[in-house]
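Have a look at the structure below before the remarks.
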Amino acid sequence: MLNLFQNMKSLRIIFCIILFSVCWLPLSAQTVLEGEIRAQSGEMLQGAGVRLEKAARTTVSDANGYFRIALPSANDTLIITHMSFRETRIPVTPGMPQPLLIILERVENTLEEVEVNTGFYRVPRERVTGSFTHVDNSVLNRSVGGNILQRLEGIASGVQFTQANGTSPSDIRVRGLATIESSEEPLIVVDNFPYEGDINAINPNDIESVTVLKDAAASSIWGARAGNGVIVITTKQGHYNRRSHISFNSNVTVGDKPDLFYSQRRLPSDVVMQIEEEKYKQGGHYLPTENQSPFPEYVELLIKRDEGELSEEEFYSMETVLRNTDVREEALRYLYQQSLYQQYALNVSGGGENYSYYLSSGYDKNRSEVIGNGNSRLNLSLQNTFKPIEELELSVGGWYTQSTGTNNGLTLSNLRGGGAVYLSPYIRLADENGAPLPIIHEYRLPYAESESASGLLDWQYRPLDEIRLADHSSLANQLRLNGRLRFNTKIGFSVEASYQYVQDNGRSTSYYDPESYYVRNLVNRFTQPNGSTVIPHGGILVGGSEVPTTSHSGRGQLNYRREFGGVHELVALLGGEARQRVQEQYPGYTIYNYDSELLTGSANYNYTQNYEIRPIGRARVSPPSVARNRYTDRYLSYFANMSYGYGQRYILSASARWDGSNLFGVKTNQKGTPLWSAGFSWETSKEGFYRFELIPYLRWRVTYGSAGNINKRVSTYPTIFHAGPDWITGLQNAWISSAGNPSLRWEQVNTLNIGLDFSTKNKRFSGSADYYIKYASDLIGADYLAPSTGIITGGLASNTNLINYANLQTHGLDFQLTSVNVQGAFSWQTTVLANYVRNEITHYNTNETLELGSYFNPSTTPPVIGRSRDVVYAQPWHGLDHNSGLPVIYVGDEQSTDYRAYWDAFTPDQLLVAGVSVPPYHGSIRNDFSWRGISLSALISWKAGYVFRRGSMFPGREYETHGAVDYHMDYFKRWQQPGDEKHTNVPTGAGANTLAGSYAYRYTQALISSGDLIRLQDVSLSYTLDARRLGIPFQRIRFYAYARNLGVLWKANRDGIDPDFADAEFPAPRTVALGLQLTI
Amino acid sequence: MKKSINWSIVALLPLVCLLSCGKTFLNIKQDAKQVVPATIADYQAILDYQLVMNEASSVGLALIGSDEYYLLDGRLSTLSQPFQRNGYVWAKEVYEGAEVQDWNQAYQRILYANMALGVRDITPEPSERQAWDNVIGSALFFRALNFYHLVQLFCKPYDPVSANADLGIPLRLDYDVSTPSTRGSLEATYRQIVSDLETAINLLPHTAANKHRPSKAAACVLLGRVFLQRGSYENVEHYVSIGLESGGELVDFNEVDTAARYPFPADYGQNNPEVLFYSRPTSLTLLATGRFNADSVLLKSYSPEDLRRSAYFYDNDDGRVLFKGSYLGSAGYFSGLTSSELWLMRAECRARSGDVPAAMEDLNELLAHRYDRNQFVPLTASNAEEALDIILLERRKELFMRGTRWEDLRRLNKEPRLARTVVRVIDGQRYELPPNDPRWVWPIPDNEVDLSGLIQNAR
């Protein structure tokens, strides 16, 4: 049966050369042979080689798959070649009907799509000089989920996720780092225009392909914003002359409940109770304060017992309950659930001779792992392309996305109490009957109880009630419209004008029920000594500020393409682009006494009156927001790009671009920045002298060029910022946003790339290797000015100290290898990605002196010449003292116990470089198996060469009086008696010098772990059924399953820490998806 | 061929259009609220930014170091900020490398004032003249006030003999951040302050639009303080008298509900006729209600009919006496300028010049507003020395926790009869700060010394 089907397929291929005549095309003469080249899928194939065998004429198909070649005077054979398709030969005769429609058969096991899209032009892969990573639809579809960027993790060479499971551009580095303080995000381009909206608004089911532009030749066409790399996302389009296809896709993803017992920063109830009791007995802790800062529940019990309010028996029974409670179990029972993600997508596409369309809809619904949280997304899109006359093509498209979210859930961290409470491990959320129980929250328990007894509203906080009584919801929508007009001339020129409009808007509202803690607390706080209330005991509706964004982009482009002399090929484009993005901000609101049924309420309070509040102090009723802003970003660019090919062996490319923006304060002639690139490639294997049969395809690429990065915070003029009328004085007032810096220049990133593409015989092995160096110069960062200048830490004029202060160099290697291990009915293919990337500060121009502590925080670590931007510092570790169990320290050469003096005397140059926080080596191995419609794909990712700083127990920290109480499972590994220092690095606990922990342990090498790991990232399994054979009216039915976050296969550290989630409460839960795709 | 030329032109048209409109296209502000200051209103708006100009006034170290309060055992070592912990006992090392807010905030305000002085580049219309004057006068006032606060913390007390050799503070007179900071002489610093204020007095209005803005009388209070430091009592009397002409009104405590938890209105001095200029220091853990104890000797000096005892203080449940009488009208301290200071300064100068009756008249004018009107007997003094002692004690009682005690102690230490050693006893340790000890001068912030190479104060 299967064989029969395959035979039929072969037959179809034989007949796929369909000749047809078009009556409206007045054939000028029988001098030219015209035709169109397509794939079986209907896709127009650009860049297919067209050669007349005898006449030895060649040409290449254009963006619409169209070609023209001088008609031979005698019978000849037309040979069509294309990298991903089987070579096709067609006999031609003078006077045969035209144009030809030639359909090519795709070569099996071709992973790479033939064309890359830069956002400005599409170009066949083998004719680019730059470095691209192309991810086609089939690879994108092996994973399941609502976010398109997430699907690139471990798939796209040169793309590094600094945040595992990252979903936003800020989680991604393309070829490492090229800036210090400006944005690190790569530029996202959707359908040829920069996209600044929420990436989550894009439905992955509508995406055809993703191209990552990595080097200068690839990205410099994007100019001043391409310094961090460019990710070009292309949506699906309809095709001419193709019958309607309907595709329906649905899947359900179930995620495990989170592993709350993963975090080491917790201690069991009995241990915490023991510590609390010790602190209580010791005195000096738990001192009553006027603001009724709360004590832990157990301490309140102890106080009640000691004051005789509880008998020993009562105390004992209550204590036992606490001892046997674990808040993590409580949270798992009442606050967390299995996540559930449902996705539905339906699209219809097709087209006639002069018209094509793509219509899609999608609905995603997500139930979060936190009970009460969830979101949904609705996508609708329609794209139409018209061809009223052969030369003219008009495309119009519209996309609409509506997202909603509810955020009522509580997590473990919401159970923290204020003051000295931290997160008590013994709190219970519900009693035996499931009725919500109160927990200690903002005030001392006796205070909350007595105030309620004296006539105030109940002042207890019951988490489980709050999930029900508050309603936090959000709504966002996005409308994207675009249009494109393209006029093709027969003489090589085409003119293109395109325009895009994007509107984003969203709002969030919170409704608090009259019985919610939020309302009760507010009412109680403002209840006056005489018992009168200020805030009514009614619902409260809080509306967040709306921040609508509108952008207009327009582009005019002139394309030219010409082959001459049979061996020369010139492709060029020239154009200009203008963009404007306006972001408005409108004030939010607060409505008191809000009736959620009648939608009534009031907000007319005296906002200047200072009321007495409980427990202590004075406050005003918080005034309604008056936040109102408008930000306008404008960009103007001119660009040119050309590529010249000779004999299909040599390709020379060049591009130039000028970028301007309304960067505030810079004189117009300094606003712009000119950027350029040049590249060369050489297909060595096409040379006559090339005889190396083992590697029949070998091509070298070299490119160099510049791109930029934008920092909108800078200003060269002294500027002030009008804050509106002051709420006390009523006067217009303004703060100084910059004292000015006239000598600023733009950041620039120059990239050198040397690449090699190869494949062995029959493509058994194929791949590419790219070595690159990025020179980022004139990087803008904050200089540290003497405070007597008035530019102070925490001051508002902080932008003044931004100067061009540093250069950074990043170099690396991207290697990709595809191995076809088994071919046939059963096939097995392996794709290996290996990336190396390292950055180093090469120039740094500020006399920054920072306190030691800033060297241990990634966001404040100052750049140091010769070191990576991602450097992790540590203090040396000399073990624990035999007698005291405290860290051994040396001041000078003397052993000391004066930890403060040790810290004060410790200078940054004594710090050890422990490593880097971002892996310099990373990659993945993907194995794809297929057999009779069943395919299995497993992705293993690895990271190496980096470190992370572990948390631990810090001696004495459990004795902190206020919020900073820190618990850690290392408590059980702590030094307890002389001799323990031989097998532990954790200092002694109870009563120890608190300084020893922060000053001589926390940042030492003892707490540095290697981050190296190998992870089974995901597994995808699918079965495709040729439905027609079953006699049902479907073309294809595909069942699929996908599992993600399957766990760490190996890790270097032995502390049970997943380095990707070193500080997290829990690692990303495992998810399993099941889905079905129908094609009609 | 003809056709192709036509098409090239058509194709280039949009480009030509883009090129021609490019210049104006980019000339739009990125942030609608951001401007290069250009109008008198813009400059005034900078000075009206009260969060910088009137908050966190630079008297923190002055409050910490003086003798108006004490801490109980066990409440010092638990302070997390080194400058509070060390400042309380005048330790040699104070900041432990941390930045110093008194220094930072003062220089930030000086930057604002200097930027506002850019208004001098505008030539005002006659109708704008008053607004223009006010910006210049206010900017000079703010600059002088902050220079003055810095001098009291980071320079030696003024001594006419050594003032030309003693170090001043960096006199930042424009907003260019690239100008290096250096320490001139103390004499030059005082001269700058005096000249700023003498100019300001002639430009400022008698009454400001609100108490966050300086007025003529406020500038007079400040100038009076400056000349008190210089021992130039005639000048004090001259300027204080000018101040009293436009702003000498006092609040009668007989009309105040002194029993209330907060007897004064919490309106930023707007309705308090005594307040000539509003400002407040940043809140310090050391001085918060949880730790504070009012100095017991001083407390005893309030006589029973003195309404300030109940207006200023309350007895806490735990036996501590806490301060409630700040003109802030809520928890926290007030560091602004008031008319009572004018009366006290003139009384002091008159006593010093030997005019005892006039001195006591000024003092009693104030005290009549402070004592129970049914029991008040005007104070008398038999000689100038006695009058001065009475006036200085009343000054201390009146200006409790305003940030002025530190500068008074410093200047009075220059007079052997009035000099005194401040003593702290805590956690079994005794700390002394004898008169004219180098620790009456706080060290220059460590980061400032590192970055601009200023000469550090001896300590």
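Here is how names work: the chains are called A, B, and so on, in the same order as the sequence lines, proteins then strands, and each is numbered from 1.
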- request: Could you tell me whether B:Arg261 and A:Glu612 make a salt bridge, using a distance below 4.0 angstrom between a side-chain N and a carboxylate O?
  value: no
Check: B:Tyr107 and A:Ser788 side chains under 4.5 Å, non-hydrogen atoms: yes
ask   = Looking at side-chain heavy atoms only, is the closest gap between B:Asp48 and A:Thr729 below 4.5 Å?
value = no
I need the residue from [options] with the largest number of non-hydrogen atom pairs under 4.5 Å to chain B.
{"options": "A:Asn610, A:Leu852, A:Thr793, A:Asn291", "answer": "A:Thr793"}
{"options": "A:Glu496, A:Gln609, A:Gln583, A:Glu290", "answer": "A:Glu290"}
{"options": "A:Asp726, A:Thr632, A:Asp633", "answer": "A:Thr632"}
{"options": "A:Gln732, A:Arg618, A:Gln580", "answer": "A:Arg618"}

Select one option (side chain, backbone, both, neither) describing which atoms of [X] are under 4.5 Å from chain B's heavy atoms.
{"X": "A:Leu731", "answer": "side chain"}
{"X": "A:Tyr635", "answer": "backbone"}
{"X": "A:Trp903", "answer": "neither"}
{"X": "A:Arg620", "answer": "side chain"}

Hey, what do you get for [atom1] ([X]) to [atom2] ([Y]), rounding to the nearest 0.5 Å?
{"X": "A:Trp727", "Y": "B:Leu51", "atom1": "CH2", "atom2": "CG", "value": "8.5 Å"}
{"X": "B:Tyr49", "Y": "A:Ile720", "atom1": "OH", "atom2": "CD1", "value": "12.0 Å"}
{"X": "B:Tyr268", "Y": "A:Ile728", "atom1": "OH", "atom2": "CD1", "value": "3.5 Å"}
{"X": "A:Ile616", "Y": "B:Thr289", "atom1": "CD1", "atom2": "OG1", "value": "6.5 Å"}

Taking side chain as everything from C-beta outward and backbone as N, CA, C, O, which of these in [X] sits under 4.5 Å from a heavy atom of chain A? Side chain, backbone, both or neither.
{"X": "B:Glu448", "result": "both"}
{"X": "B:Ile46", "result": "both"}
{"X": "B:Arg109", "result": "neither"}
{"X": "B:Asp267", "result": "neither"}
{"X": "B:Asn210", "result": "side chain"}

Comparing B:Met115, B:Glu93, B:Lys211 against chain A, the one with the most heavy-atom pairs below 4.5 Å turns out to be B:Met115
(request) Count the heavy atoms of every other residue, nucleotide or ligand shown that sit under 6.0 Å from OH of B:Tyr175, and state whether that count exceeds 12. (result) no
Please check this pair: side chain of B:Tyr112 against backbone of A:Ile736, looking for a donor-acceptor N/O pair closer than 3.5 Å.
yes
The side-chain contact (heavy atoms from CB on, under 4.5 Å) partner of B:Leu111 among A:Ile791, A:Ile792, A:Thr789 is A:Ile791
